[in-house]
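Data first, discussion second: the structure below is written as structure tokens.
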Amino acid sequence: MNANSIAPTRRAFAFGISAAAGGIILALPPISSFAAQLVGLRDEPQGRDPSEITAWISIEADDTTIIRVARSEMGQGNFTTLPMLVAEELECDWRLVRPEYADPAENIARDHAWGDMVTAASISIRGSQSYLRKAGAQARHMLIEEAAERWHVPPDECSARDSVVTHDATGRTIRYGQIAEAAGRRSIPADVPLKPPEGWRLIGRPVHRVDVSDKALGRPISSDVRLPDMLYATVSACPAFGGRLKSFDASKVMNMPGVRYVVAVQDTAVAVVADSWWQAKKACDALPIAWDPADGKGLSTETIRETFSRGLDASDVAIGRRIGDVDKVLSGDVTIVRADYEVPYLAHTTMEPMTCTAHVTGGRAEVWAPTQNGEGTLRNVAAALGIDPSKVTVHKRHLGGGFGRRGLAQDWARMAALIAKQVDRPVKMIWTREEDIQHDYYRPMVLARQVAGFDAAGRLIGWRVRVCGSSILVDLSPDRLVNGQDIEMTNAFLDEDMAYDVANFEVGYVMRNTPVPVGFWRGVNHSQNGYFRESFVDELAHSRGQDPYLFRRGLLAKGPRSLAVLDEAARRANWGQAPKGISQGIALVECYNSVTAQVVDISVSDTGELAVRRVICVIDAGHIVNSSIVEAQMEGAVVYGLGAVLYGQITLHEGRVQQSNFHDYRALRMNEMPQVETYLLSSGSKYSQEWGGVGEPGTPPLAPAIANAVFAATGQRIRTLPLANHELRHGHGK
């Protein structure tokens, strides 16, 4: 392989191209139990990597410290923050740390030594921190024990810092690299104390990211994979959801420059394989294809909306949360507030369209994948090809954006494998942007109906929510359904992620599935339900003539963590003291063990032109690992969320997506980017959930904060998105 190729890990079993380029390297035998993910256990196998101390850590003779990363890097900083957790307890020199992906096949072979490799739901830090810190502490303990034995002194007389063990009494020192091989043969302690937060030297610092230079040079990105004799593929999939391939005439393009193959991909797509991607793309454009729309015929945004609207009154409701007796209190002598809301389908539009490189030969498959789920890619490729998972090697690559698109939805990996199966050389498949937008797993279109009641004293005593839309879990994760129902569709209204105290409350979901594929999007169900909830809370406040911030405070008497975040956002934004011509909106959403509040400053001109001037973000994610990455994630969430709020919508006619590229599915432009101020609260051990997510929590509050600011500016209540569909005017009324 050349410099742009990714080499196999020293432990991976390589074949085909990897074997030819880098030799065959035998994998380590598996460890004994799943508990190894927590304690870093491994057998003492023949051919053990001599630098490996535990499954997570290898230290080479020159003190280079390899820390393995099981999660994926897709711009959120995992290749930096996860090694920081290990390095903090390991007490290694951060300058000598080199992150390396754990191999999915090896993870299976070693009985999941690296645990869960899924990167979704902001799980990386909050789901890994305990065993990663423990792995670092275990390795440090083993290194100290080895040094102490050589010096014939008790281990508690020794300390470690910056990849050096020191005997405190005599000042003797020894480098990690000098003792790593011997330390790796020692027993791994089951229980080791971890540093208290006040003892951290690395966690919490704004450490520079380690992946920036590689990304700038295109080394680990899937679109930049280069392999010997590689061909390129692009695809044309059935434009109508629920449709299928009828026929195609390969003879019309086989004589075009560079074209090598034209192949069907099951009954849903056709791929053209050529010497270059552009040649493949031009031939694909010219290829005559006949499609059968099948179930897509008659499917449109309007018909889906009608189905979902009827669902809001249906009786087949799955209750996500129920407190008290809502029906009783809302039927009494109360003042009722009602509102219906709607959000459209949204695409992911990752910077890098769907891509994957595959080589299938000799009953084996080798895949270079930008995946949020390395094991999922491996198993999906194996299933698509009908081979045992042990016959598949997956080389994880950094992602050019994920947002949930490259997680459980592995259509892109299966397609690449099925194309490569019909070709005698490695194939890099890259979708066009049009294919990417028109064949996504979209954030669901969802309708919501909310009804609330106030008693004679003006107290909010009842609140009922109904949401209707298609379930993400039915296709992508049916094991998470509860009695066949997708309760996760009510997220943002459940116990764990709504701190508002209402005596009588109920949220229910009505499932109505369609042929339109839906999937996880940044913030998942919190992104639409946060908009429904926080916009309606704003409506409730104004219905009582109360300030929206103060109204929320009154509902948070039993939610001190959320209250602290809300108060900080209002303080930082100078709530209620905006300059002339500036209107403010506020919103609060709890998700992924974090609490985020945002205040948005906007202006609306006399001609209805909206400008978002400033976004104040306050997040309490418990413990912060890298403050600069958290700030970057909040800024990225604003960019991503604001484009969706202002412009984002996927519409359908006859089963076909009407949008095709950034000219009609707008992203935020540079001149539209507001000032973003991020403030971090660290509740630490004050609350039971000390570690929260960061990648997703910044998105859900943005839509309601902007909608609430628009109401403050114009008196116009925004109950459907995007804002581009509304004509804004001052004094437009409710």
Side-chain angles (χ1 to χ4, degrees), residues 1-27 101 103-109 220 222-235 250 254 258-266 268-277 279-280 283-284 354-371 373-397 410-431:
M1 293 184 189
N2 60 27
N4 284 327
S5 300
I6 190 163
T9 67
R10 65 178 60 78
R11 297 157 309 286
F13 180 84
F15 78 98
I17 295 168
S18 290
I24 294 180
I25 304 167
L26 295 178
Y101 278 128
D103 182 82
E106 192 176 349
N107 196 41
I108 295 172
S222 288
S223 295
D224 298 299
V225 170
R226 298 289 187 273
L227 300 173
D229 297 321
M230 185 173 74
L231 296 174
Y232 297 80
T234 193
V235 301
M254 285 302 297
V259 175
R260 300 299 186 100
Y261 302 88
V262 181
V263 299
V265 186
Q266 296 181 320
T268 58
V270 180
V272 177
V273 184
D275 292 336
S276 74
W277 184 83
Q279 290 171 330
C284 196
M354 297 303 102
T355 179
C356 186
T357 300
H359 187 219
V360 179
T361 185
R364 303 185 65 96
E366 192 167 10
V367 176
W368 289 258
T371 178
N373 183 2
E375 279 193 50
T377 299
L378 188 151
R379 296 187 188 281
N380 269 269
V381 167
L385 298 175
I387 61 177
D388 190 89
S390 65
K391 305 295 186 183
V392 179
T393 298
V394 173
H395 302 289
K396 287 178 65 175
R397 308 284 282 184
Q410 293 275 329
D411 53 322
W412 49 273
R414 293 191 298 271
M415 183 176 285
L418 290 169
I419 294 169
K421 183 180 181 180
Q422 304 176 70
V423 176
D424 61 357
R425 288 158 60 178
V427 179
K428 183 200 292 188
M429 178 201 70
I430 304 176
W431 292 11

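Note that the numbering runs from 1 along the sequence shown for the chain. Worth saying up front: this structure is predicted, and the values here are computed from it rather than measured.
Heavy-atom minimum distance, A413 versus V381: O-CG2, 4.0 Å. Taking both residues in full, the closest heavy atoms of K396 and G374 are given as CD-CA, 4.3 Å, listed atom of the first, atom of the second, then distance. Of all heavy-atom pairs between V259 and V272, the closest is CG1-CG1, 4.2 Å. Minimum heavy-atom separation, P228 to P426: O-CG, 3.6 Å. Across A274 and A280, no two heavy atoms sit closer than the pair CB-N, 3.6 Å. The nearest pair of heavy atoms linking V427 to Y232 is CG1-C, 4.3 Å.
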Passes side chain to side chain contact (heavy atoms under 4.5 Å, CB included), R364 versus V392? Steps please.
CA-CA 6 Å; R364 303 185 65 96; V392 179; over 6 Å; no
Go through the steps to decide whether W368 and L227 satisfy the test side chain to side chain contact (heavy atoms under 4.5 Å, CB included), and finish with yes or no.
CA-CA 10 Å; W368 289 258; L227 300 173; 3.6 Å; yes
Trace of the side chain to side chain contact (heavy atoms under 4.5 Å, CB included) decision for V235 with M415
CA-CA 9 Å; V235 301; M415 183 176 285; 3.6 Å; yes
Apply side chain to side chain contact (heavy atoms under 4.5 Å, CB included) to V367 and C356, showing your working.
CA-CA 7 Å; V367 176; C356 186; 3.3 Å; yes
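Within the model, atoms CG of L418 and CD of Q266 stand 5.0 Å from one another, a figure rounded to the nearest 0.5 Å. Taking CZ from R414 and CZ from R379, the interatomic distance works out to 15.0 Å, rounded to the nearest 0.5 Å. Between the CE atom of M429 and the CH2 atom of W412 there is a distance of 8.0 Å, given to the nearest 0.5 Å. Rounding to the nearest 0.5 Å places CD of E106 at 11.0 Å from OG1 of T393. Interatomic distance, CZ of R397 versus OG1 of T371, reported as 13.5 Å (0.5 Å rounding). Note that NE2 of H359 is 12.0 Å distant from CE of M230, once rounded to the nearest 0.5 Å.
When atom types are taken as modelled, the side chain of Q422 and the backbone of I419 share no donor-acceptor pair closer than 3.5 angstrom. Judged by distance alone, with hydrogens and angles left aside, the side-chain atoms of N380 form a donor-acceptor pair with the main-chain N or O of G376 at under 3.5 Å. Under the 3.5 Å distance criterion, the side-chain polar atoms of R425 are left unmatched by any main-chain donor or acceptor of L231. Side chain of K428 to backbone of V225: a donor-acceptor contact under 3.5 angstrom is found.
A donor and an acceptor atom, one from each side chain of D388 and S390, are located under 3.5 Å apart. Residues T377 and Q410 bring a donor and an acceptor atom of their side chains to less than 3.5 Å of each other.
Annotation: side chain of L385 is in contact with side chain of V360 (closest heavy-atom distance under 4.5 Å). Residues V262 and V270 meet the side-chain proximity criterion, which asks for heavy atoms closer than 4.5 Å.
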